Colleague: 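The structure follows.
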Amino acid sequence: MQEFGDFANIDIEKLLKGADEQFARIEELQKNMTDIVGRAQDDDGLVTIAYGSEGLRDLLLHPKAMRLSSGELSELIKEQLQAATADLQRQVTEAMGEAFGDEDNPMKYVDDPEAALHKIKEAESAYNRTFEDVMGELDRIRRRLDL
């Protein structure tokens with residue numbers, strides 16, 4: 001009987017337990033994602049924003065904010081909205097890091113498309129090698145069985 005390399009030594013129970021643990025972490029992450037809210041408030045407390053996965057959750061304007069010109073108020077709202085979305089992204093990145101670990105955190109590629117492309121090319125290369133290995137093995141089996 002021919003050996004199957006490292007595959008013959010795989011601890012299936014350990015593999016399944018690890019997969020179950022990963023699925024549990026992902027399920028917990030999905031539940032927590034809806035609860036994550038990015039928040040921002042300007043230094044004077046005139047504009048307060050809460051931003052969640054569904055978008056703007058809350059916009060509070062202090063009565064003193066009405067004394068600003070429409071342009072100033074608009075800029076202040078945009079600044080705080082940007083800060084709230086950045087806070088949301090930071091929290092999502094942290095949550096993903098807890099679920100997947102810092103090394104496998106998919107959020108680390110958000111600001112680095114070159115690294116994401118490199119990871120995709122690595123995966124493609126691994127897939128191609130595996131495919132070639134499997135097809136070669138199937139061809140050897142076909143020849144051995146004289147098919």
Side-chain angles (χ1 to χ4, degrees), residues 2-141:
Q2 186 176 0
E3 285 294 321
F4 292 102
D6 289 338
F7 289 112
N9 299 320
I10 289 178
D11 183 349
I12 298 298
E13 292 297 320
K14 182 179 178 182
L15 179 68
L16 292 175
K17 183 180 180 207
D20 287 343
E21 290 172 357
Q22 186 71 14
F23 284 128
R25 284 194 300 267
I26 291 170
E27 187 176 330
E28 186 67 24
L29 174 66
Q30 286 176 326
K31 289 178 187 173
N32 292 338
M33 289 300 254
T34 58
D35 296 333
I36 296 176
V37 178
R39 299 185 187 285
Q41 182 179 57
D42 68 289
D43 293 337
D44 297 323
L46 300 178
V47 175
T48 304
I49 291 181
Y51 194 88
S53 59
E54 73 283 356
L56 184 63
R57 282 193 179 180
D58 204 6
L59 169 62
L60 300 173
L61 300 176
H62 190 280
K64 290 182 182 178
M66 296 300 123
R67 296 181 186 153
L68 298 172
S69 71
S70 62
E72 291 171 324
L73 182 56
S74 174
E75 283 303 310
L76 193 55
I77 290 171
K78 287 191 284 188
E79 288 171 7
Q80 297 316 304
L81 182 59
Q82 189 174 40
T85 57
D87 184 46
L88 175 68
Q89 184 174 348
R90 179 191 57 75
Q91 291 181 58
V92 167
T93 299
E94 287 175 6
M96 297 283 264
E98 289 173 14
F100 296 106
D102 290 333
E103 183 64 29
D104 295 324
N105 186 344
M107 293 300 290
K108 71 181 179 181
Y109 300 112
V110 169
D111 294 325
D112 191 357
E114 288 297 320
L117 185 59
H118 178 72
K119 202 69 162 167
I120 290 168
K121 286 182 179 183
E122 281 181 357
E124 178 185 32
S125 178
Y127 169 81
N128 288 338
R129 283 191 310 273
T130 302
F131 180 78
E132 289 171 9
D133 291 347
V134 168
M135 294 308 292
E137 188 62 32
L138 288 174
D139 190 48
R140 281 191 287 282
I141 291 169

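In this text the structure is predicted, and so the values were computed from the model without any measurement.
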Colleague: How many angstroms lie between CZ in Arg39 and CG in Asp58, if you round to the nearest 0.5 Å?
Modeller: 8.0 Å
Colleague: Glu137 and side chain to side chain contact (heavy atoms under 4.5 Å, CB included): which single residue from Asp133, Asp139, Ile141 fits?
Modeller: Ile141
Colleague: Less than 4.5 Å apart, any side-chain heavy atom of Leu138 and any of Met135?
Modeller: yes
Colleague: By the definition side chain to side chain contact (heavy atoms under 4.5 Å, CB included), identify the one residue from Thr48, Thr85, Ile49 that meets it with Gln80.
Modeller: Ile49
Colleague: Go through the steps for Asp87 and Gln91 under the test side chain to side chain donor-acceptor pair (under 3.5 Å), then give the verdict.
Modeller: CA-CA 6 Å; Asp87 184 46; Gln91 291 181 58; 3.0 Å; yes
Colleague: Taking Leu61 as the fixed residue, which of Leu76, Ile77, Leu46 is the one that meets the side chain to side chain contact (heavy atoms under 4.5 Å, CB included) rule?
Modeller: Ile77
Colleague: Shortest non-hydrogen contact from Met33 to Ser53?
Modeller: O-OG, 4.3 Å
Colleague: Who passes side chain to side chain contact (heavy atoms under 4.5 Å, CB included) against Leu88, sequence neighbours left out?
Modeller: Ile36, Tyr51, Val92
Colleague: Taking it one step at a time, do Glu75 and Glu72 satisfy side-chain contact (heavy atoms from CB on, under 4.5 Å)?
Modeller: CA-CA 5 Å; Glu75 283 303 310; Glu72 291 171 324; 5.9 Å; no
Colleague: Write down the atom of Ala40, the atom of Ala84, and the distance for their closest heavy-atom approach.
Modeller: CB-N, 3.5 Å
Colleague: Side chain to side chain contact (heavy atoms under 4.5 Å, CB included) with Glu94: which residues, sequence neighbours excluded?
Modeller: Arg90
Colleague: Kindly say whether Ala126 contributes a backbone atom to a donor-acceptor pair with the side chain of Thr130 at under 3.5 angstrom?
Modeller: yes
